[in-house]
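Report on the structure given below.
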Amino acid sequence: MSGSVFRALYHHGFARVAACTLPVALADPATNMQRTRDAALACAAESCALCVFPELGISGYALDDLRQQEVLLHATEQALTDLAAATTELLPVLIVGAPLRYGSALYNCAVVLHRGAILGVVPKSFLPNYREFYEARHFTPGAGLRGQSIRIGTHTVPFGTDLLFDATDLPNFCLGIEICEDLWVPAPPGTFAALAGATVLANPSASDITVGKAETRTLLCRSHSARCVAAYIYAAAGEGESTTDVAWDGQTAIFENGQLLAESERFPTGGRTLIADIDLTLLAQERLRMGSFTANAQANLAQTANTWRRIRFTLNAPLTDLGLRRPLQRFPFVPTEANRLEQDCYEAFTIQVSALKQRLRTCGAKTMVIGVSGGLDSTHALLVAARTADELGWPRTAIRGYTMPGFGTTDKTLASARALMAALGTGNEVLDIRPTANLMLTEMGHPFAKGEPVHDITFENVQAGLRTDFLFRLANMHHGIVIGTGDLSELALGWCTYGVGDQMAHYNVNAGLPKTLIQHLIRWVIASGHFSQAVSPLLSTILATEISPELVPVTNGATQSTESLIGPYALHDFSLYYVLRYGFTPSRIAFMAVHAWQDAQNGTWPPGFPAAEHKAYDLPTIKHWLAVFLRRFFATSQFKRSAMPNGPKIMAGGSLSPRGDWRAPSDGNARIWLEDLTQNVP
């Protein structure tokens, strides 16, 4: 695949959309048409696929009885005909608002135009006729109007609330429309459009503004996009509308599956165009996994016997590098907003503590047995155990902590482990595994026992296995359970020793935590005040320690480095999130990773993340480590996950428990994923 196609957002199932608000010229359709055309030209230059304009934007909304004037209605139809002709060479689909006659009634309509044609017209289903609104004085509600056609100039086009607009050359782009008040009713028309297949919902609106109303609009749009598993594009009227009795703020916003992608300033002077790239593949994958979505669609169809007309069009979007205009976190498991990160850390820590409390209550254990290495994972697990003991009313000495130095243990981590246990007031014992490891290696006839510097996987796993073996027997002896420390990222990569090794425990509190979140959890613990001031500097020291299994002796002053062996956890957690939650292709993940990681200066880093760790990764590096992830995740590690111990799911991004989010054959392979990476990433 060429580099330009690989870097094309439309190739990867994204679509660029725009929400536009313009100064309106009241009762002047020709001027409004020209302003709409100019905005559409600007959006076309940005390669937008869709532009949504405000309700009744061709005529103006605040016209009162002028809406029914014959001259205005003629001028509106002429403006729509002229606008259609002006779109002949333009990429984006346009949604504009206009009053249109059908039969003996007048309807408040959204008109859909593309490349010289009027594709269809959707009338507003529900009319506000309370407080400051009097739409029923002029318009007829469109609810239930289906299967009709309407004539606009020389165009005879589909008309009704049963229209969906499908792009034939952009998979999963299916457009449904609701107008302003339609969003505010208990069962919005967009809900049924989404159940019928719409992945993109547009709302041309003329909602007037009162104090606090913008927040309510945002709440409705965001929740609607989440419930419908859809993108939602909202464009409200602003400057130029009559302020005889009300005012207007020109709010525009773009949402996707419950997330705000972009929003504009309110009360603008002049036109405003808000642009964001929506992820159609993400929406399709989310619906695919949410079986209740399809079940609800089938039930709705059976109950209402509604049919939908699909209006098909060809977009011809460019397959060139247009960048990517959407928030894209480097760490998808870690929020970049401080308040949200604090909330996530609180919830994650509390989930772990509450889950461990329940297990201890029901299993009858008297103690918790934990191996403490002085690294991130065991440190965090020890903090969870300490908090759990406090809430159960146990003495912290009921936590039997052991640090078990092996051939690669450094003085620094040994000191950190002992100091941390002492500061927390837990059990604090040293169990040197080297004599037992030497005996085992000797009995096995391993070259290391003969003095040879052979530090192979057997050498490493003898140590890892002995540590866990000791912990299990110690748990037997002290009427306790072994608390696991291995995390979600290690389970994904199979970076754990199977069976009698760090893959096993009686209960693993860290099994649902990605490596990239654990450091933030420890920072949150420091700030939370859960533990004494003596603990905080020890935790800061551990945070600054390089991640290492410490199974190989230090050579020339260099400690064994996990990330130099298996790759950066930042990239692996990025891949894990999008494989586990959405099942994206490797080439798509690589495309997203480039945009997230290619420039350390762009985008937002999580609060508290050390500036010295602000790294960038280019495409060759991303591709290399993604191949490592695919091999380890799909081909070599599932048997370890299939036998993993109990532990709570923590992140919405998913878990790897065979009893929870992830079930896969232990004898699978990574061939087709590696082929996609090789063939589709330059």
Side-chain angles (χ1 to χ4, degrees), residues 226 229 256-259 279 282 285-286 289-290 327-356 358-359 376-377 379-381 383-384 387 483-496 505 507-525 528 547 568-584 589 592-593 596 605-609 629 633 637 640-641 644-664:
V229 193
E256 177 188 281
N257 195 29
Q259 300 298 315
D279 192 340
L282 180 150
Q285 285 289 330
E286 189 79 340
R289 283 157 173 73
M290 188 179 173
L328 189 57
Q329 295 180 345
R330 294 177 173 88
F331 302 97
F333 290 107
V334 182
T336 54
E337 184 196 16
N339 290 340
R340 176 62 190 278
L341 179 58
E342 182 180 3
Q343 176 70 14
D344 282 12
C345 288
Y346 159 75
E347 290 188 345
F349 191 77
T350 308
I351 288 168
Q352 291 178 280
V353 170
S354 63
L356 182 55
Q358 174 65 12
R359 176 52 56 95
L376 286 177
D377 292 350
T379 293
H380 183 67
L383 295 171
V384 170
R387 182 66 176 178
I483 307 303
T485 62
D487 61 50
L488 183 72
S489 308
E490 292 176 345
L491 286 166
L493 295 163
W495 190 248
C496 50
Y507 195 74
N508 187 356
V509 294
N510 283 350
L513 279 181
K515 183 78 77 177
T516 49
L517 181 61
I518 289 178
Q519 61 174 295
H520 296 282
L521 274 163
I522 294 176
R523 291 191 188 97
W524 174 82
V525 166
S528 69
I547 300 170
Y569 277 110
L571 292 181
H572 288 323
D573 278 1
F574 189 93
S575 300
L576 173 62
Y577 180 85
Y578 290 109
V579 165
L580 186 57
R581 179 66 191 263
Y582 298 114
F584 287 168
I589 293 170
M592 296 171 68
W605 292 84
F609 195 83
F629 174 85
F633 184 82
S637 303
K640 298 180 181 180
R641 298 189 288 267
M644 63 183 281
N646 294 178
K649 177 179 177 178
I650 298 173
M651 308 303 297
S655 78
L656 288 169
S657 169
R659 300 165 297 277
D661 272 11
W662 184 257
R663 298 165 180 84

From [atom1] ([X]) to [atom2] ([Y]), nearest 0.5 Å:
X      : Y      : atom1 : atom2 : answer
Thr485 : Leu376 : OG1   : CG    : 11.0 Å
Arg359 : Asn646 : CZ    : CG    : 4.5 Å
Ile518 : Leu513 : CD1   : CG    : 5.0 Å
Thr516 : Leu521 : OG1   : CG    : 10.0 Å
Ile351 : Leu356 : CD1   : CG    : 13.5 Å
Met651 : Tyr577 : CE    : OH    : 8.5 Å

Qualifying residues under ring-ring contact (aromatic ring centres under 6.0 Å, His included), relative to [X], sequence neighbours excluded:
X      : value
Phe584 : Tyr578, Tyr582
Tyr569 : none
Trp524 : Phe349, His530

Report the C-alpha separation of Arg659 and Met644 in whole Å, then their side-chain angles, then the decisive distance to 0.1 Å, and conclude whether the side chain to side chain contact (heavy atoms under 4.5 Å, CB included) test is met. CA-CA 10 Å; Arg659 300 165 297 277; Met644 63 183 281; 4.3 Å; yes
Does the side chain of Val579 come within less than 4.5 Å of Phe629's, by heavy atoms?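 Yes - at least one pair of side-chain heavy atoms lies under 4.5 Å apart.
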Any side-chain heavy atom of Phe574 sitting closer than 4.5 Å to one from Pro332?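 Answer yes - side chains close enough.
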Exam field: side chain [X] to backbone [Y], donor-acceptor pair closer than 3.5 Å:
X      : Y      : value
Asp344 : Pro335 : no
Arg641 : Phe633 : yes
Lys640 : Gly494 : yes
Asp573 : Ser489 : no

Nearest heavy-atom pair of [X] and [Y]: which atoms, and what distance?
X      : Y      : result
Phe331 : Pro606 : CD1-CG, 3.7 Å
Leu282 : Asp279 : N-OD1, 3.0 Å
Leu576 : Ala492 : CD1-CB, 3.7 Å
Gly512 : Ile650 : O-CB, 3.8 Å
Val509 : Ala381 : CG2-CB, 4.1 Å
Phe333 : Leu517 : O-CD1, 4.1 Å

Between Asp661 and Arg581, does any NZ, NE, NH1 or NH2 come within less than 4.0 Å of an OD or OE carboxylate oxygen?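 So Arg581 does not pair with Asp661 through a salt bridge.
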After noting the C-alpha distance and the side-chain angles of Leu341 and His520, does the key distance pass the side chain to side chain contact (heavy atoms under 4.5 Å, CB included) rule? CA-CA 8 Å; Leu341 179 58; His520 296 282; 4.0 Å; yes
Does atom CZ (Arg289) have a neighbourhood of more than 12 heavy atoms from anything else shown, all under 6.0 Å?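 More than 12 heavy atoms, drawn from other residues, nucleotides or ligands, come within 6.0 Å of this atom.
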Hey, which of His380, Arg387, Glu347 is the one that makes side chain to side chain donor-acceptor pair (under 3.5 Å) with Gln352?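 The side chain to side chain donor-acceptor pair (under 3.5 Å) with Gln352 is passed solely by His380 among His380, Arg387, Glu347.
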Evaluation steps, side chain to side chain contact (heavy atoms under 4.5 Å, CB included), between Lys515 and His572: CA-CA 9 Å; Lys515 183 78 77 177; His572 288 323; over 6 Å; no
